[in-house]
Amino acid sequence: MSNQDNYIQADNATNESPYIIKVEHVGKVFGTNTVLTDINFNVKSGEVICIIGSSGSGKSTLLRCVNKFETATSGAIYYHGEDINKIKNFPLFRTKVGMVFQSFNLFNNMDVLKNCTIGQTKVLHRKKEEAKANAIKYLDLVGMSAYVNARPNQLSGGQKQRVAIARALAMEPEVLLFDEPTSALDPEMVGEVLDIMRNLAKSGLTMLVVTHEMGFARDVASRVLFMDKGVIVEDDTPENIFTNPKEDRTKEFLKRVL
Amino acid sequence: MNFFEVIENIITNYWSWILKGIGMTLLVSIVGTIVGLIIGLVIGVIRTISVDKSNKLAYVFKKFINFLIGVYVEIFRGTPMMVQAMVIFWGYAYLSGGNTLDVTLSALFIVSINTGAYMAEIVRGGIISIDKGQFEGAEAIGMNHFQTMLYVVIPQVMRNILPSVCNEFIINIKDTSVLNVIGFAELFYVTNTIVLKNYQTFITYLFTAVIYFVLTFGISRILLLIEKKLAGKKNYVVLGSGNMDAESIALENNREN
């Protein structure tokens with residue numbers, strides 16, 4: 001945490017709760033289909049948590065519950081001690097808990113710069129000039145500042161994802177959720193996105209990453225959650241998960257993917 | 001009088017009526033299409049508000065609003081505009097004890113709400129065609145529903161539905177002819193009046209048919225140009241897999257402008 005810089009808004013960390021996010025006994029049921037059962041974990045400032053597990057294990061649903069894209073059907077999720085279902089300034093919460101998607105979701109009707117400024121001007125009410133300078137700062141960080149006038153459809157997948165990361169960072173989030181950010185990319189573009197995520201992690205950004213990239217999880221994560229069939233089977237350091245898993249289900253999964 | 005003498009007679013004697021008729025037809029079609037589009041967009045924004053089932057009151061209210069919108073769309077799509085015009089115009093007279101509405105205002109009102117019913121469905125289709133990720137991308141940076149619709153979704157919807165909107169405009173130019181039943185002096189009404197004077201039904205209506213065709217054909221060409229200008233064919237690629245360097249993108253964008 002020594003080299004943390006402006007990704008983290010220090011003033012947000014001054015709160016009674018030591019955790020940015022606290023997930024307590026969360027369950028999620030779609031109709032008759034139980035997707036999550038009794039999920040418990042916490043996110044501290046500066047942590048990089050990777051959530052791994054096979055498809056359909058509930059990883060993405062869990063992530064989407066954290067920024068309330070999905071509403072948990074039982075249990076509760078707290079942001080700085082405040083129940084996210086009862087949050088007063090909900091748009092501000094969404095800016096503080098940013099999200100990067102598998103399918104990028106850049107706004108097709110705007111160029112790269114506008115993609116990164118629209119949220120700042122309309123949601124955070126920043127001045128146009130300030131928003132622009134800020135956007136360029138983060139576009140620079142992801143190596144996309146030469147493309148400010150490009151339209152999303154003119155970019156490659158890796159470039160789009162880098163812009164999407166800059167767009168999320170421009171809102172100055174406290175924690176950034178990544179929902180399989182490299183799964184829709186051609187293999188040769190996975191690296192450029194992972195490199196940026198590595199740098200973000202190094203700079204002290206709090207990250208919650210659903211990923212199939214085991215190498216990234218092993219090298220970058222401060223904690224790894226292994227999920228299977230809607231439950232967290234193991235929550236441990238990457239060393240323990242990857243070299244010394246306790247549960248049979250974890251061992252089986254790792255045998256299949258490594 | 002032979003064919004050409006009749007035509008000459010129409011033009012020399014009634015040109016100012018015809019021009020007024022064309023003006024009224026265009027006015028009511030343009031205003032009706034624009035107001036109808038606005039009605040359609042507003043309905044589209046309201047329809048897509050998602051209400052949490054846990055909030056019972058809001059949920060029931062939303063269901064009720066959806067029901068009202070459904071009733072509006074079905075009634076105005078399901079009955080002829082000619083009948084709607086009579087019911088609204090004479091309905092007002094009946095209920096107000098003999099007062100009548102201004103005919104031009106009534107005409108604008110009727111075409112607008114009739115077009116609105118069709119536009120609501122066109123916009124609905126347009127919204128369905130927008131990738132769900134566009135909504136999520138906007139919500140993830142804290143935009144509320146109205147910001148999401150205004151800045152992200154509606155601009156894309158507009159581009160997708162532009163051909164259908166232009167189609168509605170063309171239809172309105174022709175279909176507003178039914179407004180003669182409430183005495184609105186558009187092109188058809190004017191033609192009818194001329195026929196009552198010159199008794200040349202075939203030739204006069206043929207003349208009017210040509211005017212209608214020139215109007216619709218000319219306007220459809222103009223709309224096509226506008227469409228091209230707005231859409232910019234490069235931007236139609238939804239799932240681009242481009243991988244251009246910054247310079248070539250800048251070049252390409254310059255060419256487009």
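Just so it is clear: chains get the letters A, B, ... in the order the sequence lines come, proteins before strands, and each one is counted from 1.
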Is chain A contacted by the side chain of B:Gln147, its backbone, both, or neither, given a heavy-atom distance below 4.5 Å? side chain
Does B:Glu139 pair with B:Lys132 as a salt bridge, N-O distance under 4.0 Å? no
Angle between ring planes, A:Phe93 versus A:Phe90, binned at 30° and 60°: parallel, tilted or perpendicular? tilted
One option among A:Val123, A:Leu124, A:Asp186 has the most heavy-atom pairs under 4.5 Å with chain B, and it is A:Val123
Do the non-hydrogen side-chain atoms of A:Arg64 and A:Lys28 ever get within less than 4.5 Å of each other? no
I need the residue from A:Arg167, A:Met171, A:Lys122 with the largest number of non-hydrogen atom pairs under 4.5 Å to chain B. A:Lys122
Let's test your reading of the structure: which of B:Pro155, B:Ala138, B:Ala140 forms the most heavy-atom pairs below 4.5 Å with chain A? B:Ala140
So among A:Glu174, A:Lys96, A:Lys22, which one has a side chain to side chain donor-acceptor pair (under 3.5 Å) with A:Tyr79? A:Glu174
Compare every heavy atom of A:Gly58 with every heavy atom of A:Val35, then report the nearest pair and how far apart it is. CG1-CA, 4.1 Å
Whatever's closer than 4.5 Å to a heavy atom in chain B on A:Phe69 counts as side chain
Which bit of A:Leu92 comes within less than 4.5 Å of chain B, counting heavy atoms only: side chain, backbone, both or neither? neither
Within the 4.5 Å heavy-atom criterion, are B:Ile141 and A:Phe107 side-chain neighbours or not? yes
Under 4.5 Å from any heavy atom of chain B, what part of A:Met110 do you find: side chain, backbone, both or neither? side chain
